[in-house]
Amino acid sequence: MSRHVVAKAGEIAPGTSKLVTVKNREIGIFNVKGSYYALANRCPHEGGSLCAGRITGLVQSAGPGEYSMIRKGEFLRCPWHGWEFEIATGQSYCDPQTVRARQFNVEVAAGETVVKGPYVAESFAVSLEEDYVVVDV
Amino acid sequence: MKLPYQGAIDCDVHVTVPSSAALVPHLDDFWADHLTNRHIDRFPLTLTGNAPNLPISARADWRPAKGLPGSDFDMLRTQVLDNFGLRYAICNVMHGAIALFNADMAAALIKAVNRYVAREWLDRDPRLRGSILVPLQDIDHAVAEIERWAPDKRFVQCLFPVMGDQPLGHRRYWPVFAAAEKHGLPIAVHAGSTFRQAPSGSGWPSYHLEDYLMQSMAFEDTLVSFLTEGVFQKFPGTKLVFAEAGFTWLPTLLWRNNKVWRGARTEVPWIDRPPAEIIREHVRFTLQPVDAPDGAMLNRIFDHVGSDKLVLFSTDYPHPHFEGDDALPDGLSDDMIRRILIDNPLETYPRLREGADAGAAHSTKEAVP
Amino acid sequence: MNMPVLERDVQGKSKLSFVDCDIHPVQRSDKDLHPYLSARWREHMDNFGGHIRQGLIGQVMHPRMMAAGQRADAYPQRGGPPGSDLELMQKQHLDFNGCEIGMLVALARGGMEERNLDFSAALSTACNDWQLHDWVEKDRRLKAGIVVPQEYAEHAVKEIDRRAQDPAFRQVIISPKSSEPLGRRRYWPIYEAAERNNLVLGLHPAGISGGNASSGTGWGTYYMQEHYTFGTTTTGNLISMIVEGVFEQFPRLKVALIESGFTWAPALGWRMDKHWARMRKETPHLKRPPSEYLREHFWFCTQPMEEPETPGHLTEIIDWIGWDRIMFSSDYPHWDFDDPKYALNFKMTDAQRAGILRDNAKALYKLA
């Protein structure tokens, strides 16, 4: 593991991202409400360019015909098949079904009505050090 | 193979009103006069798909010497109830009034049909159960018809044709699902079309065979309609029974909808878990026709869909789906046979579980308005 | 525990060159067809444009998910819609993934759903010229499909005969969203021309309606619902072609089903056989059970790849269909694009994988 400067502090505005290449890997650096996160630019489904996806919130519904959006800016939608990922953790939402899904620790967090799935986008530790955004790859 | 023991529940038996004239006594004065004046009572009101001369309308030995297939009570009793040693048989009357455009006329006729079934069939054998035929042309009429028959516990479900005006999950039908859920009545969606539109997305085919084959596509699209419209979220007590649908198409539907849901979830965000799970919980299928070459293949399909609870025994009498008494495919385990013949039907129909004492609720003189 | 699934699946797999049976080239605008249209039709296009059977122009009635149904990363930097930029297609897909041959399915402005029959004929010819000059001649990996005015059989035949000797064209493209079921005799001249010229018939849904509701149950509400009808409409057409006796009449005709899935095929074969057996006298022209025509005359493209709950079930179903019948397709640049490196995520032998990725398509389309 090595640490790489990928951006200047303030370069990536909140709600936006920057695509960088570190050690031959494409990594998206996201600023979510002032906190930085990094995800590999490869969707665990079929390798889509995850970081080109739309930054959005989590859609919820109380029932047919009802729509709401929570946690705006905290989610990413893969530009290929539209899978939803929580930027902070890479955790997929909307359970992709496999027959062995039971062996994963699937849980429903309080306040959310969507099941977390066993797929996770690869993420990296990011820190803000003085004037630079640094990522661990 | 033959049924190995008595007590099975046949979830799809066809009963036919012998003539429209037979309905006239069950109409009020206005409709009796109106229909006879227009000679509507002289037409059989038979759906196109049920044309009696079609080979698929009746097995040769189940075809009465006189009259329409399914219109002879004694034949039904002997050939179905006694012959298969049934505990119950659920009668589905796919009457042509469902295809009329005049909603009031349809409602009047359908009320008469349901009354006819109660008096001329259900009253005459305690093993018979009925399905409430519903005039979907007008939703208020439809709800009223359900409310009218719900107190008679021998009616165990509501009955729709698979191809009507719109996909059946559409919100315009929701008051009907509310009424059905309230009374604990599953909804039987049965093969049959009112031909409001072409039977397929590419138009009108040439042959009766094609019409029949295309029914299963309509069932698929109907199931996707119920799923995507969120009927199972809005009415969580809903149970669907797809009758005469075939079901070997189900694995593809489950897998495809699971996959598309992952990308399309935000369009239909009330779907809160994988479609396959929702469908396994809410939808059942009558056995006939068995669109599989043998029991071994059927077992593979049960594995592919991930459940042994989905299939309900049926003969689909008098339609010809099997020879002699071989109402079950060969190659099923004893456990699966028991599930199909008895357990799955009982789990599906609350009113059968209650062991509705046929005597209690069927005083038709009073109950029928 | 939770881990990126791809790391496990892909490590160690060598790159295999493949044939992609479904790539969609798109014009940047009407103007791309102008060089191939006469003045009369350029003017018609400008002043009248398309006349189609739906409520809105220029879009589909059930809007797609994800950037109008496209991969969001496939929008060219220099403008134009996804699929309109050959360089980007090469960079993102043809070169990037090692595509050996790409079969073009040119849906846009191909005329197949146009009501004005003379205009549809002009559009088809122009679109075929455009495929040649703007795509095939610029990248020799690409092969074209003859788009035809399918509701105007006489001209469809002319167009097929015009192109048949050019090895750049390997199939005739027909939309299953037709005015009538595709087995109906009005379409037989098209099949005659395809068979006579040894061209495969490729069925691919176009988004525009042929005038019928997309289901025998009526129009659906949601895109998720509509999406499913691409499959049921195609199987309805299969039934029509088989039951009407198209394959008795044209025994050498071969049909590729593009973007309709395939896991439904064995069940359809069983159902057709069962009910045909009871109604045989209605169709005496059928000499064999319907499933035999299905088995012998149809090939299936993989996209959108089925994802059963148990991957082994897919292997089983392909055992039933035949490993020689399945052909890889990506559907580039659409949103539900299947990546050749990752999409075939189920158990198969190397020979089976090579068949799906390459050899089956080469055999069917007679590609070197």
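In this text, all values refer to a predicted model and were calculated from it rather than measured experimentally. Labels below follow one simple rule: chain letters A, B, ... track the order of the sequence lines, proteins then strands, and each chain is numbered from 1.
The shortest heavy-atom contact between Trp270(B) and Gly65(A) is CZ3-N, 3.3 Å. What you find for Gln233(B) and Pro64(A) is that their closest heavy atoms are CB-CD, 4.2 Å. Taking both residues in full, the closest heavy atoms of Tyr67(A) and Glu267(B) are given as CE2-O, 3.9 Å, listed atom of the first, atom of the second, then distance.
Separation of atoms CD (Glu84(A)) and OG1 (Thr266(B)) is listed at 6.0 Å; rounding is to 0.5 Å.
At most 12 non-hydrogen atoms from other residues, nucleotides or ligands lie less than 6.0 angstrom from NZ of Lys8(A). Summarising the local packing, NZ of Lys18(A) is surrounded by more than 12 heavy atoms from other residues, nucleotides or ligands at distances under 6.0 Å. Surrounding CZ of Arg172(B) are more than 12 heavy atoms belonging to other residues, nucleotides or ligands, all under 6.0 Å away.
In this structure a side-chain-to-backbone donor-acceptor pair under 3.5 Å is present from Arg265(B) to Val59(A).
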